[in-house]
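As the structure lists them, so they are numbered: ligands from 1, and atoms in each ligand from 1.
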Amino acid sequence: MIVIGGSSSKALAQDLAKELGVRYIQPNIARFPDGECYVRIEEEDIDDEAIIVQNSHPDSNLVELLLLQDAAVGLGARKITSVVPYFGYARQDERFKKGEALSAKVMVNLMEMTSKRLVTVDVHKPIVLDWFHGAAHDVHAAPSIGDFFKGHGIDLVLAPDEGAMQRAAEVGKVIGAEVDHLEKTRLSGELVRMAPKNVDAKDKNALIVDDIISTGGTIEAAANQLKIMGARSVTAVCTHGLFAKGALDRLRKCCNAVYSTNTIENDVSVISVAPQIAKAVRKQKKTNRLTDKISLRSGK
Ligand code: R5P
């Protein structure tokens, strides 16, 4: 097995190779003057299984992922696993209005042209993985986030809304802290209202956990509400730190600290999800071996 790191995920791919104890390959990636992507994996051949780590967001990263898959196949890779730490377009998993594209399914279809296995991290709607015909696994970042905050004095872990409670509960369990949720209403793309809720935050060190921070509107509203409730400190953490439109700078003003995992590399992506991805890769490999054995025995 070898690990190939795309340009969105070099550090994470290197961490993953270390976790798995396998060789890391850095491909040559460049852009032509007209913006088209050029990739080359400088190896004689790949007589092995290849794991390609690359986000599918923004669109330029998706193209790079598809080209890397093809380059690995061209060198003879036996099986391709695409590790897509931040799976873009997962929020458009339905045709919400007539005439819209089913974007998440389009992404899955593209990835499975050459990949037999897919691993994502906290994909926004796990149901999108059901469209993948090979083995697909969504990894939870919560164990890595929980480990990171052990010993940080966090008393209370909060989800921005009830729907995000499971993630907060997983983190709270690892830290050994209380867990609760706020009540979020999205007013517009950037504006979010947090209803005052009966959460006992007084004098507590609160940690807000979300899957994505995009504009920062959700965390900003949650942090302000927690301060009103008397929280001693407010820390925010997310799996995917997109931090659009200067969100990180704004959040630093209302939170005591902001962190994210390394699914998207940024100034605060200090929590590595490599150990969780490695577990999923090992599990998929084991399951596949079993399936291969069964197929051989039944002559299929
Ligand atoms: C929403 O369903 C997600 O879980 C996040 O809460 C949301 O994407 C965060 O977006 P923003 O940072 O723009 O409020």
At a non-hydrogen distance cut-off of under 4.0 Å, which region of Thr215 contacts ligand 1 (side chain, backbone, both, or neither)?
both
To the nearest 0.1 Å, how far is atom 8 (O) of ligand 1 from its closest protein heavy atom, and which atom is that?
Arg91 NH1, 3.4 Å
Report yes if the side chains of Ile4 and Ile51 come closer than 4.5 Å at any heavy-atom pair, otherwise no.
no
Among protein heavy atoms, which sits nearest to atom 14 (O) of ligand 1, and what does the distance come to when rounded to 0.1 Å?
Thr218 OG1, 2.6 Å
Glu265 side chain to Ser8 side chain, donor-acceptor N/O pair below 3.5 angstrom
no
Protein contact of atom 2 (O) of ligand 1 - nearest heavy atom, named by residue and atom, plus distance
His124 CE1, 3.3 Å
Show which atoms of ligand 1 fall inside a sub-4.0 Å distance from at least one heavy-atom site of Gly216.
11 (P), 12 (O), 13 (O)
For the residue pair Gln276 / His140, report whether a side-chain donor-acceptor contact shorter than 3.5 Å exists.
no
Quick one: nearest non-hydrogen protein atom to atom 3 (C) of ligand 1, plus distance?
Asp211 OD1, 3.3 Å
Is ligand 1 under 4.0 Å from a heavy atom in the side chain of Asp210, in the backbone, in both, or in neither?
side chain
Other residues, nucleotides and ligands only: do more than 12 of their heavy atoms fall within 6.0 Å of CD on Glu100?
yes
What residue and heavy atom of the protein are closest to atom 9 (C) of ligand 1, and at what distance?
Ile212 O, 3.3 Å
Is there a polar contact, in the sense of an N or O pair closer than 3.5 Å, between Val192 and ligand 1?
no
Taking the non-hydrogen atoms of Ala164, is any one of them nearer than 4.0 angstrom to ligand 1?
no
Are there over 12 heavy-atom neighbours, none belonging to Arg186, within less than 6.0 Å of that residue's CZ?
yes
Below 4.0 Å from any atom of ligand 1, is there a heavy atom belonging to Glu220?
no
Between Ser260 and Asn266, do the side chains contain an N or O donor and an N or O acceptor separated by less than 3.5 Å?
yes
What is the closest protein heavy atom to atom 10 (O) of ligand 1, and at what distance does it sit?
Arg186 NH2, 3.3 Å
Is the closest side-chain donor-acceptor distance between Gln69 and Ser115 under 3.5 Å?
yes
Does atom CZ of Phe132 have more than 12 heavy-atom neighbours, drawn from other residues, nucleotides or ligands, at distances under 6.0 Å?
yes
